[in-house]
*Asks:* 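What follows is a single structure, and I will ask about it in a moment.
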Amino acid sequence: MSQGRVPLGPRIASRAERTLCKHPHVAADGIVVRAAEDSDRRSIALLLASVAEERDGIAAEPPIDVDKLATDWKIDGTLLALADGVVIGEISVDPSWMGFGEIGMMVAADWRGRGVGTALVAAAIEWARARGLHKVALSVFPHNQAAIALYQNFGFVEEGRLMQHVRRADGQLWDLIEMGLLL
Ligand SMILES: CC(C)(COP(=O)(O)OP(=O)(O)OC[C@H]1O[C@@H](n2cnc3c(N)ncnc32)[C@H](O)[C@@H]1OP(=O)(O)O)[C@@H](O)C(=O)NCCC(=O)NCCS
């Protein structure tokens, strides 16, 4: 799986961890990880629409109302990866009053396997710690081996499985694995 992949992840991640809250991080290959801004709304929605087209890793499926999604997107807690100013990855942390933060993420298909996801998870963990959260949690489809491996790299552990939890547009019922990381 790692063959032919550019091992940029840990380098981007470690720098992002140190710098994200105060400054955007600029990696040597030009990838920037920074907090999202209002002007990013449409780019985020378009990225989600393109990942939804895959009908594989995220719960959202077409058709996506890009305008509504852009308007409704919660910017606080959203972190972005950009290449040459173009949004190529996104992660969001949704803090609960109970002290944990729920994570969701996506990387543009052309940019996967190059450490972008790693950089985003590292940045999200830093963001969650800075907010005083005690834990980050997420849900992932059991077939999503890339995402599960990415989360396990950071120490996330499987905490349970929701059976036939998500009804897909074609009627299939997919399980969800719950994963968590104590900070
Ligand atoms: C899951 C996702 C975010 C990973 O992003 P990415 O930028 O490709 O991740 P990275 O390149 O940083 O890879 C990090 C680790 O993930 C794992 N990984 C990545 N691609 C993999 C693949 N195709 N198969 C198995 N493991 C994989 C590896 O453990 C890798 O670490 P390594 O480089 O040390 O081997 C990306 O595939 C994606 O956006 N998928 C579609 C949306 C989605 O599934 N979102 C998550 C919903 S829970």
Side-chain angles (χ1 to χ4, degrees), residues 1-17 20 25 27-34 36 40 43-62 64 69 73-74 77-84 86-94 100-128 135-162 165-166 168-169 172 174-181:
M1 190 277 306
S2 288
Q3 280 185 359
R5 301 176 63 212
V6 184
L8 291 176
R11 182 164 52 79
I12 297 173
S14 61
R15 290 187 188 171
E17 274 183 300
L20 184 82
H25 163 68
D29 63 352
I31 294 174
V32 173
V33 176
R34 63 157 170 81
D40 297 313
S43 300
I44 297 167
L46 287 170
L47 175 61
L48 187 140
S50 73
V51 176
E53 291 283 344
E54 299 171 30
R55 297 184 188 273
D56 183 51
I58 63 174
E61 292 183 85
I64 300 294
L69 187 64
W73 197 273
K74 189 177 169 199
T78 296
L79 309 171
L80 300 178
L82 299 96
D84 294 329
V86 175
V87 174
I88 59 166
E90 177 274 344
I91 194 163
S92 54
V93 188
D94 189 13
F100 66 86
E102 192 83 28
I103 284 183
M105 73 178 300
M106 56 195 170
V107 172
D110 290 350
W111 283 90
R112 291 178 196 157
R114 298 164 69 172
V116 176
T118 299
L120 286 167
V121 173
I125 290 171
E126 180 201 14
W127 188 94
K135 180 177 180 180
V136 282
L138 55 87
S139 304
V140 58
F141 292 128
H143 63 260
N144 196 346
Q145 290 305 312
I148 291 170
L150 167 60
Y151 304 138
Q152 286 174 336
N153 287 349
F154 282 89
F156 281 82
V157 294
E158 185 173 333
E159 297 183 336
R161 188 169 180 131
L162 302 172
H165 203 65
V166 178
R168 306 295 288 173
Q172 289 184 55
W174 287 3
D175 293 358
L176 269 183
I177 291 176
E178 299 290 310
M179 299 185 80
L181 174 70

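All residue numbers in this chain count up from 1 along the given sequence. Remember, it's 1-based here, ligands and their atoms both numbered in the order they're listed.
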*Asks:* Could you check which of Glu54, Arg112, Gln152 puts a non-hydrogen atom nearest to atom 36 (C) of ligand 1?
*Replies:*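 Closest candidate by heavy-atom distance is Arg112.
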*Asks:* Any donor-acceptor pair under 3.5 Å linking the side chain of His143 with the backbone of Asp56?
*Replies:*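 Side chain of His143 to backbone of Asp56: a pair is present.
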*Asks:* Using a plain distance cutoff, I'd like to know if Val51 has any nitrogen or oxygen under 3.5 Å from a nitrogen or oxygen of ligand 1.
*Replies:*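 No; the residue has no nitrogen or oxygen that sits under 3.5 Å from a nitrogen or oxygen of the ligand.
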*Asks:* Against heavy atoms of Met106, which atoms of ligand 1 measure under 4.0 Å?
*Replies:*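 Contacts of ligand 1 toward Met106, numbered from 1: 39 (O).
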*Asks:* Would you say Leu181 and Tyr151 make side-chain contact, with heavy atoms under 4.5 Å?
*Replies:*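 They are not in contact (no side-chain heavy atoms under 4.5 Å apart), so the answer is no.
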*Asks:* Does an N or O from Gly117, backbone or side chain, lie closer than 3.5 Å to an N or O of ligand 1?
*Replies:*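 By distance alone, the answer is yes.
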*Asks:* Within a distance under 4.0 Å of any heavy atom of Asn153, pick out the atoms of ligand 1 and give their elements.
*Replies:*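 Close to Asn153: 15 (C), 29 (O), 30 (C), 31 (O).
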*Asks:* Assess Leu138 for proximity to ligand 1: is some non-hydrogen atom of it under 4.0 Å away?
*Replies:*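 Judged by the 4.0 Å heavy-atom criterion, Leu138 does not count as contacting ligand 1.
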*Asks:* Output yes when Glu178 and Arg161 qualify as a salt bridge under the 4.0 Å nitrogen-oxygen rule, no when they do not.
*Replies:*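 Arg161 and Glu178: not salt-bridged.
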*Asks:* Mark yes or no for whether Arg112, through its side chain, and Val107, through its backbone, hold a donor-acceptor pair below 3.5 Å.
*Replies:*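 Yes; at least one donor-acceptor contact below 3.5 Å.
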*Asks:* Does any non-hydrogen side-chain atom of Leu80 lie less than 4.5 Å from one of Arg34?
*Replies:*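 The answer is yes; the side chains approach within 4.5 Å.
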*Asks:* For Ala147, counting its heavy atoms only, list the atoms of ligand 1 lying under 4.0 Å from any of them.
*Replies:*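 Those atoms are 1 (C).
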*Asks:* Short list, please: which atoms of ligand 1 are under 4.0 Å from a heavy atom of Gly113?
*Replies:*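 Under 4.0 Å from Gly113, ligand 1 has these atoms: 6 (P), 7 (O), 8 (O), 11 (O).
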*Asks:* Under 4.0 Å from a heavy atom of Thr118: give me the atoms of ligand 1 that qualify, with their elements.
*Replies:*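 Here the atoms of ligand 1 in question are 10 (P), 12 (O), 13 (O), 14 (C).
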*Asks:* For the backbone of Ser43 and the side chain of Asp40, can you confirm whether one donor and one acceptor N or O come within less than 3.5 Å of each other?
*Replies:*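 Looks like no, no N/O pair under 3.5 Å.
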*Asks:* Is there a side-chain contact between Glu159 and Met179 (heavy atoms, below 4.5 Å)?
*Replies:*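 No. Closest side-chain heavy atoms not under 4.5 Å.
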*Asks:* Please could you name the atoms of ligand 1 that Ser139 approaches to less than 4.0 Å, counting only its heavy atoms?
*Replies:*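 Heavy-atom distances to Ser139 below 4.0 Å select 48 (S).
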*Asks:* I'd like to know if Lys135 pairs up with Glu102 as an ion pair, taking the criterion as any Lys NZ or Arg NE/NH1/NH2 lying under 4.0 Å from an Asp or Glu carboxylate oxygen.
*Replies:*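 No.
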*Asks:* Using a strict 4.0 Å cut-off to heavy atoms of Gly115, name the atoms of ligand 1 that fall inside it.
*Replies:*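 Heavy-atom distances to Gly115 below 4.0 Å select 10 (P), 11 (O), 12 (O).
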*Asks:* Run down the list Leu150, Ile148, Leu48, Val107 and name the one with the heavy atom closest to atom 39 (O) of ligand 1.
*Replies:*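 Nearest heavy atom to atom 39 (O) of ligand 1 lies in Val107.
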*Asks:* State the CD-CG distance between Glu90 and Leu120, to the nearest 0.5 angstrom.
*Replies:*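 Between Glu90 CD and Leu120 CG, I get 8.0 Å after rounding to 0.5 Å.
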*Asks:* Give the atom numbers and elements of ligand 1 that come within less than 4.0 Å of a heavy atom of Asn144.
*Replies:*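 Answer, ordered by atom number: 43 (C), 44 (O), 46 (C), 47 (C).
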*Asks:* Side chain, backbone, both or neither: which applies to Tyr151 and ligand 1 if a contact is any heavy-atom pair less than 4.0 Å apart?
*Replies:*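 The part of Tyr151 near ligand 1 is the side chain, not the backbone.
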